[in-house]
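Here the structure is a predicted model, which is why all the values come from computation and not from measurement. Just so it is clear, the values below take in all heavy atoms, side chains as well, and ignore hydrogens, waters and symmetry mates.
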Amino acid sequence: MDAYQISLLLAFALAIAEMLTLSFILLGFGVGMLAVAGAQYAGGGYNLNRDVLVFAVASAIAVLALRRVFKKKSDQKRLEQDDINRY
């Protein structure tokens, strides 16, 4: 089994785990792992430094993008009435 195939399995495992948790963090990590699988397929195998860098950058971008896409509308509501703790 090649390195990119193992990375693909891990990406799908993270996507399945995301379906169980619904936090949208594991989905970003799954996208990062999918990017690692692509880098391993294009780059000819496993390279620790490249794979960690690709995973970190792709995961950070994916988590931030998914948070922006899937945020709740209620997360941005401002309290329009006076705060009860204000004296």
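- Counting Ile, Leu, Val, Met, Phe, Trp and Tyr side chains that sit under 4.5 Å apart, directly or through other members, Leu22 stands alone, with no cluster partners.
- With rounding to the nearest 0.5 Å, the separation of CG in Leu27 from CD1 in Ile16 is 12.0 Å.
- The side-chain contact (heavy atoms from CB on, under 4.5 Å) check on Met1 picks up Gln5, Ile6, Leu9, with sequence neighbours excluded.
- Take Leu26 and apply the side-chain contact (heavy atoms from CB on, under 4.5 Å) test, not counting sequence neighbours, and it matches Leu14, Ala17, Glu18, Thr21, Phe29.
- In this structure, Val31 stands alone, with no Ile, Leu, Val, Met, Phe, Trp or Tyr side-chain heavy atom under 4.5 Å from its own, directly or through other members.
- Residues passing the ring-ring contact (aromatic ring centres under 6.0 Å, His included) test with Phe24 are Phe70, sequence neighbours excluded.
- Paired with Arg50 under the rule side chain to side chain contact (heavy atoms under 4.5 Å, CB included), one option of Val52, Leu48, Val54, Leu53 passes, and it is Val54.
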Under 3.5 Å, side-chain donor or acceptor atoms of residues 39-47 against the rest of the protein: list the pairs with distances, not counting sequence neighbours.
unit_1	atom_1	unit_2	atom_2	d
Gln40	OE1	Tyr4	N	3.2
Gln40	OE1	Ser7	OG	2.7
Gln40	NE2	Asp51	OD2	2.8

Atom pairs and distances, side-chain donor-acceptor, residues 58-66, under 3.5 Å, sequence neighbours left out:
unit_1	atom_1	unit_2	atom_2	d
Ser59	OG	Phe55	O	2.7

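- Residue Arg67 holds its CZ atom at 4.5 Å from CD1 of Ile25, rounded to the nearest 0.5 Å.
- Sorted by first then second residue, the side chain to side chain donor-acceptor pair (under 3.5 Å) pairs that include residues 28-38, not counting sequence neighbours, number zero.
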